[in-house]
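The structure under discussion appears below in the form of structure tokens.
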Protein chains: 2
Amino acid sequence: MTETQILNYALNQFAGIDAEAFELSAPYWQRKTYGKGEFYNEYKNVCKYLGFILDGVFRTYYIDDESADEKNVFFFSKNQVVVAYKSFVTQTPCSYYTESMTESTVLYIHINHLNELYGRSHHWERFGRLVAETAFNLAMNRAEEFMFRTPEQRYLELIQNHPDIFNNVPLYHIASYLGIQAPSLSRIRKRMVGK
Amino acid sequence: MTETQILNYALNQFAGIDAEAFELSAPYWQRKTYGKGEFYNEYKNVCKYLGFILDGVFRTYYIDDESADEKNVFFFSKNQVVVAYKSFVTQTPCSYYTESMTESTVLYIHINHLNELYGRSHHWERFGRLVAETAFNLAMNRAEEFMFRTPEQRYLELIQNHPDIFNNVPLYHIASYLGIQAPSLSRIRKRMVGK
DNA sequence: CTATATTCTTAACCCAAGTTAAGATCGTCA
DNA sequence: TGACGATCTTAACTTGGGTTAAGAATATAG
């Protein structure tokens, strides 16, 4: 399959974008590769593009003024959308950094073109709504993890539900994502032995 | 002002719903009062209505199977929308209870009628998108509070940003919302004296 | 295959929240 | 007003994560 076909298939799966609707968008998609550590979108930048990850892993993180260390907020991997959602929909500066953690390849589309597609096809309107719902679910799941689960439970659920992330990201990034320090994650892992 | 006028004004502020668009919806809104402790929507129920709070305060909470105690997730108060968003948009059973904490009055609309309005007017489509964005912001803010702030910081920010909630809700509900136990909140409050 | 950098674990000590139970305070209604 | 229920605080102890720094394990490159 070509990259375009992969995209077409994924958009069809995600939002029922059919061949005709996909054709409308075809001129607008562009391709970009990112090196490890390269930014998809930086702090204080307005996120203007919605990306679809053909390959690679991205993280969005927050830098705490006080503790000065990075806190991982989301991971995005292969066949997922990558975007700084709030910044994208409101076109305001982003509070986060979104960075490629590996060599990555992305197909992306400009917000203006996306807005144009919304007006041209119900399929794309539907796509816009589903992206909103996906963003809501991501944020809500994250809130629920912290409200209802202990760090140990979050760790176990990450292994269960996102082995793709767990197996491709250094543990100190996992710790940050779980909201704890690296030594605490080590203690948790030690505790688990034999359970 | 009549209650309908209050609603009309609020919807105009929120999503630019004009007189004509509001007229479309007028037949669909219904009014209901809730007593203290009465449920807007219960665990395992599908949320079928989107409500606008004329007066009162609601809370949505989760019951932890293990600890068996209630964890407050959101508060909703006067002039806000109350809805179990995920359940509402997906029409699936809700994981939460949403309960009135006071005598309350709500104007509500059925999801079928709302969907009908989406098709009939761009103003209402816009409304739907803004509700989605509001829900995303609520969830994301909640996640950020837990990821980036200490319980003490969360407490201070709640007082600053939501005095309306803080002043009308017992402290043990506040503690639950902050993700801590009542004795911990007492200790935080004691620490604060003199700061 | 070693040297080096990166990542992971461990140890020791600190501190804040959890837990449980008792007691103080506040509100409300008979 | 006085008594009850609801709410809030306090105390004593436990537990688990934070912090810092050192060392072990693993990857990577020369």
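In what follows, every chain begins at residue 1, and chains take the letters A, B, ... in the order their sequences are listed.
Take the nearest nucleotide of DNA chain D for B/Tyr172 and for B/Pro183: the residue whose nucleotide is more 5' is B/Tyr172.
D/dG17 atom C1' lies 19 Å from atom CE of B/Met147, rounded to whole Å. Going from atom NZ of B/Lys190 over to atom C1' of C/dA24 covers 13 Å, rounded to whole Å. The CG-P distance, from B/Leu185 to C/dG18, rounds to 10 Å in whole Å. Residue A/Asp64 contributes atom CG, which lies 10 Å from atom P of D/dT19 at whole-angstrom precision. Atom NZ of A/Lys36 is separated from atom C1' of C/dA5 by 12 Å (rounded to the nearest Å). Put simply, CD1 on A/Ile188 is 15 Å from P on C/dC8, counting in whole angstrom units. In this structure, B/Asn168 places its CG atom 14 Å from P of D/dT7, rounding to the nearest Å. In this structure, the CG atom of B/Leu178 is 11 Å from the P atom of C/dA17, given to the nearest Å.
Using cut-offs of 30° and 60° on the angle between ring planes, the pair A/Phe39 and A/Tyr61 is tilted. Taking the six-membered ring where the residue is Trp, B/Phe74 and B/Phe76 present tilted rings, their angle falling between 30° and 60°.
The aromatic ring centres of A/Phe58 and A/Tyr34 sit less than 6.0 Å apart.
A/Thr60 places none of its side-chain heavy atoms less than 4.5 Å from the side chain of A/Val82.
In the set D/dA21, D/dG17, C/dT19, C/dT19 carries the atom at the smallest distance from any side-chain atom of B/Arg187. Taking the side chain of A/Ser184 as heavy atoms from C-beta on, and the options D/dG18, D/dT10, C/dT9, the nearest nucleotide is D/dG18. Of the listed nucleotides (D/dC8, C/dT9, C/dC8), D/dC8 has the atom at the smallest distance from the side chain of B/Leu171. Of all nucleotides listed (C/dT9, D/dC8, C/dA16), C/dT9 comes nearest to the side chain of A/Arg189. In this structure, of D/dT9, C/dG18, D/dG17, it is D/dT9 that holds the atom nearest to the side chain of B/Ala182.
Side-chain nitrogen and oxygen atoms of A/Gln181 include none within less than 4.0 Å of the OP1 or OP2 phosphate oxygen of D/dG17.
In this structure, A/Val169 and A/Phe75 approach most closely via the heavy-atom pair CG1-CZ, 4.1 Å.
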